[in-house]
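All remarks here apply to the structure that follows.
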Amino acid sequence: MTSEAQKQEKNARGIPKAPFIADVDEYLGSSPDTETALKEFQAALAKYRYMDHNLTQRRQGLEEKIPDIKKTLSMVEFLQERREGKSKVGDDDDLEDDEDLEEDGGDVPKPLRTTFELNDTLYAEAELEDTDTVYLWLGANVMLSYKLPAAIELLRSKLQSAESSLASVIEDVEFLREQITVMEVNTARVYNWDVKRRRDLRMKEALEGGTEGKAG
């Protein structure tokens with residue numbers, strides 16, 4: 001069984017593939033030790049279930065994180081588009097007479113009125129002045145300021161990384177569930193094989209004992 005473990009296949013993230021025991025006699029060999037085999041199966045099952053639990057938690061975290069990144073990215077892109085739109089309007093206004101600008105109240109941008117989330121059920125209203133800088137939470141109580149283009153680039157990178165990680169985690173969870181099923185089937189097959197072997201031995205001993213009694 002040691003040589004088989006060394007040759008064990010793995011998935012892309014290094015999770016070992018559980019071998020299916022098609023022939024229990026061949027697997028256990030000429031000196032079967034079902035107790036040791038069953039203990040090894042239970043140990044493997046415990047490892048698979050532990051990994052499944054951790055990856056399931058990670059999946060839940062990513063599924064909560066990705067919408068937040070998308071929402072933040074959407075807002076920063078909106079601010080960038082709004083700023084670019086004003087810059088374009090400002091360039092066009094330079095071609096007009098100064099008197100026209102004064103009559104229209106100049107080119108002073110109006111603040112953006114919006115709401116922001118304080119917690120899950122509480123929002124507050126705010127006015128956003130025209131700005132080229134945003135502050136992003138990076139985790140561990142760390143916040144840094146970024147220019148709008150740099151913030152967009154960072155958020156897009158984080159979104160792509162999170163979505164790629166989620167796809168890998170989902171694939172690994174499905175792979176683990178398959179391996180857990182295989183190990184459960186292996187456990188049942190070896191256990192049933194041992195029960196049948198013990199029953200056959202008892203019947204053989206009973207027959208031999210009966211034959212010896214008659215001969216005596």
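Heavy atoms only: backbone and side chains are in, while hydrogens, waters and symmetry mates are out.
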Show the numbers, then the answer: is there a side-chain contact (heavy atoms from CB on, under 4.5 Å) between Val173 and Val169? CA-CA 6 Å; Val173 168; Val169 167; 4.2 Å; yes

With a 4.5 Å cut-off on side-chain heavy atoms, are Leu155 and Leu159 touching? no

The criterion is salt bridge (charged side-chain N to carboxylate O under 4.0 Å, His left out); which residues satisfy it with Glu77, sequence neighbours excluded? Arg156

Atom of Leu62, atom of Ala162 and distance for their closest heavy-atom approach: CD2-O, 4.1 Å

With side-chain contact (heavy atoms from CB on, under 4.5 Å) as the test, would you mind laying out the steps for Arg59 and Glu63 before giving the verdict? CA-CA 6 Å; Arg59 176 180 179 175; Glu63 288 176 340; 3.1 Å; yes

For Glu129 and Arg83, what are the C-alpha separation, side-chain angles and deciding distance, and is it a salt bridge (Lys or Arg N to Asp or Glu O under 4.0 Å)? CA-CA 11 Å; Glu129 300 292 342; Arg83 184 172 178 79; over 6 Å; no

Between Lys65 and Asp68, is the closest basic N to carboxylate O distance under 4.0 Å? no

Between Ser165 (side chain) and Ser161 (backbone), is there a donor-acceptor pair under 3.5 Å? yes

With a 4.5 Å cut-off on side-chain heavy atoms, are Lys39 and Glu35 touching? yes

Thr72 side chain reached by Ile69 side chain, heavy atoms, under 4.5 Å: no

Among Asp25, Thr34, Asp23, the one residue meeting side chain to side chain donor-acceptor pair (under 3.5 Å) with Trp193: Asp25

Checking Lys47 now: which residues fulfil side-chain contact (heavy atoms from CB on, under 4.5 Å) with it, not counting sequence neighbours? none

Compare all side-chain heavy atoms of Glu9 with those of Pro19 and state whether any distance is below 4.5 angstrom. no

Can a donor-acceptor pair be found, under 3.5 Å and without considering hydrogens, that links the side chain of Ser157 to the backbone of Glu153? no

Residue that, paired with Asp200, satisfies salt bridge (charged side-chain N to carboxylate O under 4.0 Å, His left out) out of Lys196, Arg198, Arg202: Lys196

Arg13 with Glu171: basic N within carboxylate O range, under 4.0 Å: yes

Honestly curious: do Tyr48 and Val182 fall in one hydrophobic cluster under the side-chain, below-4.5 Å linking rule? no

Check Ile15 against Met51 and note the closest heavy-atom contact, atom names and distance. CG2-CE, 4.1 Å

Please output the side-chain donor-acceptor pairs of residues 135-150 that fall under 3.5 Å, not counting sequence neighbours, one pair per line with the distance.
{"unit_1": "Lys147", "atom_1": "NZ", "unit_2": "Asp132", "atom_2": "OD2", "d": "3.2"}

May I have the step-by-step check of side-chain contact (heavy atoms from CB on, under 4.5 Å) for Thr181 and Glu178, ending in yes or no? CA-CA 5 Å; Thr181 300; Glu178 292 176 1; 5.7 Å; no

State, without any angle test, whether Glu64 and Gln60 hold a side-chain donor-acceptor pair at a distance under 3.5 Å. no

State plainly whether one hydrophobic cluster holds both Val185 and Ile21, where clusters connect Ile, Leu, Val, Met, Phe, Trp and Tyr through side-chain heavy atoms under 4.5 angstrom apart. no

Criterion side-chain contact (heavy atoms from CB on, under 4.5 Å) on Lys17 and Asn11, from CA distance to verdict: CA-CA 7 Å; Lys17 182 178 181 180; Asn11 78 340; over 6 Å; no

Going by heavy atoms in the side chains, are Asp33 and Leu28 under 4.5 Å from each other? no

